[in-house]
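All remarks here apply to the structure that follows.
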Amino acid sequence: MAKLTDISWEDFSTLYLESKKPYLERQDGSLMPYHTLFAQQFDRNILERLCSLANRIRFINKSKEGALYLKNVLAHKRAMLYFSQPSSRTFLSHLAACQLLGITTGSVRDAATSSEFKGESHEDSIRTFSSYFDMIIMRSPERGLAEKMAWELSNSERPIPILNAGSGKDQHPTQALLDIYTLIRSFENKGGLDGRTVVFCGDLLRGRTVRSLSYLLTDFNDIKQIFVAPKELQVPDDVIEILKKKNIRFEIGDDLREATKIADAVYMTRIQDEWDESKGESAKIDTSRFKFRAEELALLGKESIIMHPLPRRDEIDTCCDHDPRAMYWRQMRNGMWIRAALIASSFGFERTIMDCGY
Ligand code: ASP
Ligand code: CP
């Protein structure tokens with residue numbers, strides 16, 4: 001079995017993402033992730049198992065006895081939430097997921113309040129957290145930081161799992177998990193997710209959720225992906241390369257209304273202007289045709305859905321919020337369940353929960 005201790009950082013960091021997967025798995029043969037770093041480490045089997053576990057956890061949690069059982073499952077574990085970039089949902093849903101499973105948590109939400117402010121390196125900070133906790137859930141503006149930290153920790157005396165809760169413009173794998181969970185649930189009694197058309201709209205260039213979800217969708221059969229954006233914010237080449245390599249149907253366009261007519265799911269995203277290289281650069285782009293309003297809602301199929309990783313600005317009009325096809329609030333709550341499933345699996349508790357008597 002491949003281990004992160006068997007490979008140098010230089011060799012590991014230059015592998016294709018898919019080839020890194022075996023190094024990130026638990027060593028118990030379950031194939032579940034130990035470290036969760038990017039979407040490429042999930043295949044359909046793991047995705048479906050995680051979704052089943054999330055469903056199981058939400059069912060068990062409905063009764064008081066079940067909720068108390070869950071609270072005991074990982075009561076011997078502690079998790080550190082290390083978020084050096086703003087977050088509402090990802091922070092809180094991981095926190096709530098830990099609470100559901102009885103995990104005690106600690107947090108740093110601003111590097112200026114940790115000793116990084118005094119010049120401590122990320123490596124030393126992470127080593128410090130690993131002295132007190134059994135898992136690190138981290139969000140960072142730095143691309144690839146979670147990956148480096150996972151390698152460092154695996155090669156330390158106290159290896160513990162790292163969950164990437166968003167890294168730079170690059171990846172947001174746990175968001176993609178909750179997006180897939182939402183898609184699977186939305187279509188489970190309507191013929192399933194295979195063969196569907198998913199439209200991505202907005203800032204596809206800098207939106208990390210798009211890159212992670214676009215990849216996970218390739219694990220399903222015959223899903224068509226349509227990318228609708230102003231040309232300055234169109235989906236980057238690395239995403240397209242993967243789709244071509246995997247022979248996935250895709251289109252690139254700029255007509256949200258036409259795309260909405262044939263969409264099973266429309267995945268809206270906000271303009272990620274925090275990444276502007278010069279101030280006000282995004283504001284100069286005409287984004288007026290990349291908003292979902294009453295006109296687009298009227299064109300959407302009866303069984304189709306609207307998604308958004310959130311937070312939103314004005315790219316989905318609030319007039320859509322009460323429509324049964326608006327899935328973004330449920331999507332957000334699904335995040336808590338699927339993250340609980342992921343955390344439990346990373347600690348090796350998938351079967352314990354699946355097979356419990358509740
Ligand atoms: N919350 C998501 C992220 O952190 C999407 C966004 O911020 O627009 O990537
Ligand atoms: N979707 C998401 O990651 O939201 P936050 O940035 O609020 O965590």
Side-chain angles (χ1 to χ4, degrees), residues 36-39 54 79-99 105 107-110 136-146 163-183 198 200-216 227-230 233-236 239 265-276 281-283 285 287 290-292 305-316 321 326-340 342-343:
T36 295
L37 304 179
F38 32 76
M80 173 69 191
L81 292 116
Y82 171 42
F83 277 58
S84 55
Q85 215 189 10
S87 168
S88 297
R89 280 146 285 271
T90 312
F91 180 85
L92 290 172
S93 61
H94 275 109
L95 180 69
C98 287
Q99 288 168 345
T105 56
S107 64
V108 166
R109 299 210 60 178
D110 180 352
I136 297 172
I137 301 165
M138 60 181 284
R139 168 171 287 194
S140 159
E142 241 177 85
R143 180 178 195 267
L145 184 64
L163 261 65
N164 177 3
S167 52
K169 285 179 267 185
D170 187 38
Q171 287 263 353
H172 197 344
T174 67
Q175 175 72 43
L177 290 180
L178 76 90
D179 293 337
I180 284 289
Y181 183 44
T182 303
L183 284 160
V198 177
F200 290 94
C201 177
D203 189 343
L204 310 183
L205 179 66
R206 302 173 293 186
R208 56 192 173 192
T209 69
V210 174
R211 175 178 283 102
S212 292
L213 178 57
S214 169
Y215 186 84
L216 281 199
F227 301 98
V228 177
L233 300 175
Q234 251 310 348
V235 68
V239 175
V266 179
Y267 190 96
M268 297 299 297
T269 63
R270 108 189 130 81
I271 305 302
Q272 312 272 312
D273 49 13
E274 66 269 39
W275 298 109
D276 279 1
E281 175 188 315
S282 297
I285 300 171
T287 55
F290 305 93
K291 299 185 198 291
F292 202 95
I305 60 170
I306 317 159
M307 298 173 71
H308 195 308
L310 301 176
R312 77 170 151 190
R313 290 180 181 162
D314 63 349
E315 59 278 352
I316 299 182
D321 288 3
M327 215 45 71
Y328 29 99
W329 309 122
R330 269 188 248 178
Q331 187 182 344
M332 177 165 73
R333 187 163 162 80
N334 284 341
M336 176 176 70
W337 303 114
I338 199 80
R339 284 169 172 140
L342 178 67
I343 292 168

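Just follow the structure's listing: the first ligand is 1, and inside any ligand the first atom is 1. The structure presented is a predicted model; accordingly, all values stated were derived computationally and were not measured. Reckoned from all heavy atoms, side chains included, excluding hydrogens, waters and symmetry mates.
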For ligand 1, protein residues within the heavy-atom limit of under 4.0 Å are R139, H172, R208, T209, R270, Q272, L310, P311

Compute whether any side-chain donor of one residue and acceptor of the other, for R206 and S282, lie under 3.5 angstrom apart.
yes

Using a distance-only test with no angle check, is there a side-chain donor-acceptor pair under 3.5 angstrom linking H172 and R139?
yes

Which residues share a ring-ring contact (aromatic ring centres under 6.0 Å, His included) with F91, sequence neighbours left out:
F83

Mind checking ring-ring contact (aromatic ring centres under 6.0 Å, His included) for Y215 and listing every partner two or more places apart, or none if nothing turns up?
none

Mind listing the closest non-hydrogen atom pair of L37 and A146 along with its distance?
CD2-O, 3.8 Å

Decide yes or no for V235 and F200: does some side-chain heavy atom of the first lie under 4.5 Å from some side-chain heavy atom of the second?
no

Between H308 and I306, is there a side-chain heavy-atom distance shorter than 4.5 Å?
no

Donor-acceptor pair, Q171 side chain versus R211 backbone, under 3.5 Å?
no

Just checking R109: does its CZ atom have more than 12 heavy atoms from other residues, nucleotides or ligands closer to it than 6.0 angstrom?
yes

For ligand 2, would you mind listing the residues that have at least one heavy atom less than 4.0 Å away, ordered by chain and number?
S87, S88, R89, T90, R139, H172, Q175, P309, L310

